[in-house]
Q: 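Take this structure first; my questions come after.
Positions are given from 1 along the sequence. This one's a predicted model, so the numbers in the text were calculated from it and none came from an experiment.
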Amino acid sequence: MLARQRQERILEEVRRTGGARVSDLVELLNVSDMTVRRDIGILAGKGLVSRVHGGATAITGRSAEEPGFAAKSGLQTAEKEAIAHAAVTVVAPGDSVAISAGTTTYAVARELLAVPHLTVVTNSVPVGEVLHASGRDDLTVVLTGGVRTPSDALTGPVAVAALYSLHVDWLFLGVHGFDDRAGFTTPNLVEAETDRALVRCARRVVVVADSTKWRVVGLSSIARLDEVDVLVTDSGLDDEAQQLVRARVPRLVLAEPLVQLHREGPT
């Protein structure tokens, strides 16, 4: 297969699903890891895809574009795992926790399986499934109900009504992007309304978002930076962004991906 044919196939796959992992493209094209990364680099240089850790995502330039759960689940996996591990340290046994939809919050849900005696409220179908599958007697899972979106969130009037009378200790909120002016945003108007309801029912809000989401602005705002208590992101957030965030968010946590720690070795 010629280089141009490979790149066209990669572009087709990225546009079809919203994103593609290097490992999947290696198998699909039957070429080396290095070849796929080089092709992604060429496509990114032409502005046709966005190069991210572990793969590529589609570039649409549209604030209303919403990638699906499957498209995002294989991207920034090391960062998401590190963020989730750092985020759940605030939770104590017996707490009540709300978890919004998203792939980073899904990682948070898996980390929470190590914390006993929890009540978890969620509008995420995958989060509900992974918690239910644990079979724990000391874990109560409450699904909000609602209309399912491409990101596997349950949204709309039913979800908002369910959250109206609830009060939780912690909310772990996933977002499409964060920016010092726009705040925390999502491309889905209905999901934004449900996320705002989640924020209202929580005593403390923890946003979990990897550093590639900085300066990404979705169509609808969820909250300002100063309306949350903690932002947990990864160490890829640049110094200028850190300064802007620290000026508005009470606590900024930078999680170090385990892959990077293993590569650099002990210090």
Q: Please enumerate all residues that pass side chain to side chain donor-acceptor pair (under 3.5 Å) together with Thr185, with sequence neighbours excluded.
A: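 None.
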Q: So, taking the atom named CD1 in Ile42 and the one named CD in Gln7, what distance separates them when rounded to the nearest 0.5 Å?
A: 4.5 Å
Q: Can you pull the ring pair (Phe, Tyr, Trp, His ring centres under 6.0 Å) pairs that have at least one residue in residues 7-44, sequence neighbours excluded?
A: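 Sorted pair list comes back empty.
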Q: Quick one: does Thr194's side chain have a donor or acceptor within less than 3.5 Å of a partner on Val190's backbone?
A: yes
Q: Just checking, any donor-acceptor pair under 3.5 angstrom between side chains of Ser100 and Asp195?
A: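 There is no such pair between these side chains.
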Q: Closest approach of Leu231 and Val249, non-hydrogen atoms and distance?
A: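 Distance-wise, the nearest heavy atoms are N-CG1, 3.8 Å.
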Q: Run the salt-bridge test on Arg196 and Glu193 with the 4.0 Å N-O cut-off and return the result as yes or no.
A: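 No, Arg196 and Glu193 are not salt-bridged.
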Q: Treating Thr122 as the side-chain partner and Ser124 as the backbone partner, does any N or O pair qualify as donor plus acceptor under 3.5 Å?
A: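 Checked: pair present.
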Q: Consider only side-chain N and O atoms of Thr149 and Asn188, and report whether a donor and an acceptor are under 3.5 Å apart.
A: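 No pair is found: no donor N or O on one side chain lies under 3.5 Å from an acceptor on the other.
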Q: Side chain to side chain contact (heavy atoms under 4.5 Å, CB included) with Leu131: which of Leu118, Thr140, Leu143, Val120?
A: Val120
Q: Do Asp226 and Arg248 sit within salt-bridge range, that is, some charged N less than 4.0 Å from a carboxylate O?
A: no
Q: Would you mind checking if Asp229 and Arg204 are paired as a salt bridge, meaning a charged N to carboxylate O distance below 4.0 Å?
A: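 Asp229 and Arg204: not salt-bridged.
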Q: When rounded to the nearest 0.5 angstrom, what distance separates CG in Leu43 from CZ in Arg38?
A: 12.0 Å
